[in-house]
Amino acid sequence: MTTESTMGVIPKPSHSASGSRRAILAATLGNTLEWYDFAVYAYLTPVISQLFFPSRDPLTSILSTFAVLAVGFIMRPVGAVFFGWLADRTGRKKALIVSVTVMGVATVLLGLIPTHAQVGMLAAVLLTVARLFQGFSVGGEYGASTSFLVEHAPAGRRGLFGSLAYFSSILGMAIGGSVVLVFSVILSSADMAAWGWRVPFLLSFPLLLVGTYMRLKIDETPEFNNLRDETAIERSPLRTVVRSHGRNMLIVMGIVIAFAISTYTVVSFMLSYLRTVIRIETVPATLSVVVATLFGALLIPVFGWLSDRVGRKPLLIIACVSCIVLPLLGLMIVLTGSMAAVYVGQMVMWIPVAIFCGVTPAAFAELFPTEVRVSGFGIAYAVSTALFSGTAPFVATLLIERTGNTLAPGWYVAAAGAISLLFVLRLRETGREELPANVRTHVS
């Protein structure tokens, strides 16, 4: 008889350690590429807003750019449905290869799009189309890559392995911000607007080649191989997961409300906030955001590891309570105006985000069996992020404009934290359970 681990999880059959390391590297590198691409757009918002949405009012231009950012999220549920079907029917590997390829191509195209001065309103249309393809790709990447990492994890380490999905994602954001920062320093404002903004997007091409090659070489997860061997693959994962696991999908969607709004407030909104509200120059503002992002990235695997010891639910409760308190506190610190306060305030705001990033990958994956795992939490996550992630910078900016209250974004995050707490309290603790493998015997 197999002895249970200290977490009460039955160890899975062993598989090649070198194969697992290669698989983890390929999955995380792909995540890094995908979110590098996303971050480049977010960090270039001040430039893109003037090139594609020229206006005498800078705020109007920024709101238009954030609106296009939000449009990309509309395609996330579509991508989640497609890639969920692909991953649950044919395997995680194929979904990961297609996802990273679509994202890489869309981002390279972003670097080639003509501006408003060259083709008029067509520029905004082309920008929106490229963002739609990016959203389609990201919609499938999260469920597929997270399931891939969790299914490769040894017993008692699913939290840590799952957290690598977001560690690599946030690292990609920091790299994207760093690249934009470097070009902002070495180029004049005129050169940056003329051609420099294109280069960070075009740098995706070599990363695309590397990411695709590595994912071509990885092995499928043991769980999906077992599923295929047992001929237990679902013909219609979406129909099955909605019918049998609708409650868990709703819980995921509810938890993601605070997760999405807090994340995209610190990731996509803070640079604009520092530039337009605090009036900090582009380079020091961007540097502070990059440093705070790196700080958050380093915390993520710590919370993933901790969730393997104390459980998922307690940490998610802490994350929601932190959302109610820390973003407001962080903004108050930032508003004192000193550069030290700008750094510290952003790091404070990153704490609840890092907890969510570290804990939710394993917590969400553990709610669904192998046959429908990617579809289950991938679609629920994508729907909620479509509603709350892409709109977060837009809503935060609009709240400040309409209320005149520079703390309004913090109150918005606090409200989201209170709502998500209600859903976390309904969450079943899964950290000590065996990863569910069969939908026919594991119905919510």
Side-chain angles (χ1 to χ4, degrees), residues 4-32 35 92 96 141-174 218-219 221-223 252 255 259 263 293-319 322 350-368 370 373-374 377-378 381 424 427-437:
E4 293 187 357
S5 70
T6 56
M7 282 295 296
V9 180
I10 299 174
K12 296 176 294 187
S14 62
H15 50 280
S16 167
S18 61
S20 290
R21 286 193 296 269
R22 185 170 60 250
I24 291 166
L25 180 60
T28 54
L29 181 63
N31 272 336
T32 301
W35 290 96
R92 291 31 170 154
L96 289 173
E141 175 72 16
Y142 176 72
S145 64
T146 299
S147 296
F148 187 84
L149 289 166
V150 170
E151 290 174 4
H152 268 288
R157 300 182 69 187
R158 294 197 301 262
L160 176 60
F161 273 53
S163 71
L164 296 178
Y166 270 115
F167 170 74
S168 56
S169 300
I170 303 302
L171 187 62
M173 292 182 183
I218 58 177
D219 297 325
T221 69
E223 275 73 13
V252 169
I255 294 173
F259 183 15
T263 299
T293 301
L294 285 171
F295 169 78
L298 293 175
L299 286 180
I300 291 170
V302 175
F303 288 116
W305 170 84
L306 190 60
S307 75
D308 285 327
R309 269 91 191 135
V310 304
R312 323 296 185 212
K313 188 171 182 175
L315 287 179
L316 288 175
I317 291 173
I318 293 172
S322 298
W350 259 102
I351 292 173
V353 175
I355 300 174
F356 277 124
C357 288
V359 181
T360 55
F364 291 168
E366 289 165 351
L367 291 175
F368 301 92
T370 305
R373 182 166 294 126
V374 180
F377 76 90
Y381 175 86
V424 170
L427 181 70
R428 187 183 80 254
E429 177 58 61
T430 54
R432 300 179 184 275
E433 297 178 1
E434 184 179 1
L435 195 63

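For R373 (side chain) and A365 (main-chain N/O), a donor-acceptor pair under 3.5 Å exists by modelled atom type. At least one donor-acceptor pair under 3.5 Å links the side chain of D308 to the backbone N or O of G159. Proximity of a side-chain donor or acceptor of E429 to a complementary backbone N or O of R312 within less than 3.5 Å is detected. No donor-acceptor distance shorter than 3.5 angstrom exists from the side chain of T146 to the backbone of G143, with no hydrogens or angles considered.
The minimum heavy-atom distance between V150 and A362, with the atom names listed, is CG2-CA, 4.1 Å. Across all non-hydrogen atoms, the minimal contact from V359 to S307 is CG2-CB, 4.1 Å. T370 approaches E151 most closely through the heavy-atom pair CG2-OE2, 4.0 Å. Minimum interatomic distance between P301 and L160 (heavy atoms only, all atoms of both residues): O-CD1, 3.7 Å. The nearest pair of heavy atoms linking A144 to R92 is O-CG, 4.3 Å. Here the closest heavy-atom approach between residue G296 and residue A354 is recorded as O-CB, 3.8 Å.
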### Query
Where do L171 and L294 land on the side-chain contact (heavy atoms from CB on, under 4.5 Å) test, with the steps shown first?
CA-CA 7 Å; L171 187 62; L294 285 171; 4.1 Å; yes

### Task
Would you sort out whether F148 and I24 count as a side-chain contact (heavy atoms from CB on, under 4.5 Å), showing the intermediate values?
CA-CA 8 Å; F148 187 84; I24 291 166; 6.0 Å; no

### Task
May I have the step-by-step check of ring-ring contact (aromatic ring centres under 6.0 Å, His included) for Y142 and Y166, ending in yes or no?
CA-CA 9 Å; Y142 176 72; Y166 270 115; 5.4 Å; yes

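Separation of atoms CD1 (I351) and CD1 (I318) is listed at 11.5 Å; rounding is to 0.5 Å. Annotation: the span from L164 atom CG to S169 atom OG amounts to 10.0 Å, rounded to 0.5 Å. Interatomic distance, T32 OG1 to M173 CE, rounded to the nearest 0.5 Å: 10.5 Å. Atom CD1 of I355 sits about 11.5 Å away from atom CZ of F259, to the nearest 0.5 Å. In this structure, the separation between CZ on F167 and CG on N31 is 11.5 Å, given to the nearest 0.5 Å. I300 CD1 to S168 OG: the interatomic distance, rounded to the nearest 0.5 Å, is 8.5 Å.
Between F377 and S147, some side-chain heavy-atom pair lies under the 4.5 Å cut-off. No side-chain heavy atom of P361 sits less than 4.5 Å from a side-chain heavy atom of R158. The shortest side-chain heavy-atom distance between F356 and T263 does not fall under the 4.5 Å cut-off.
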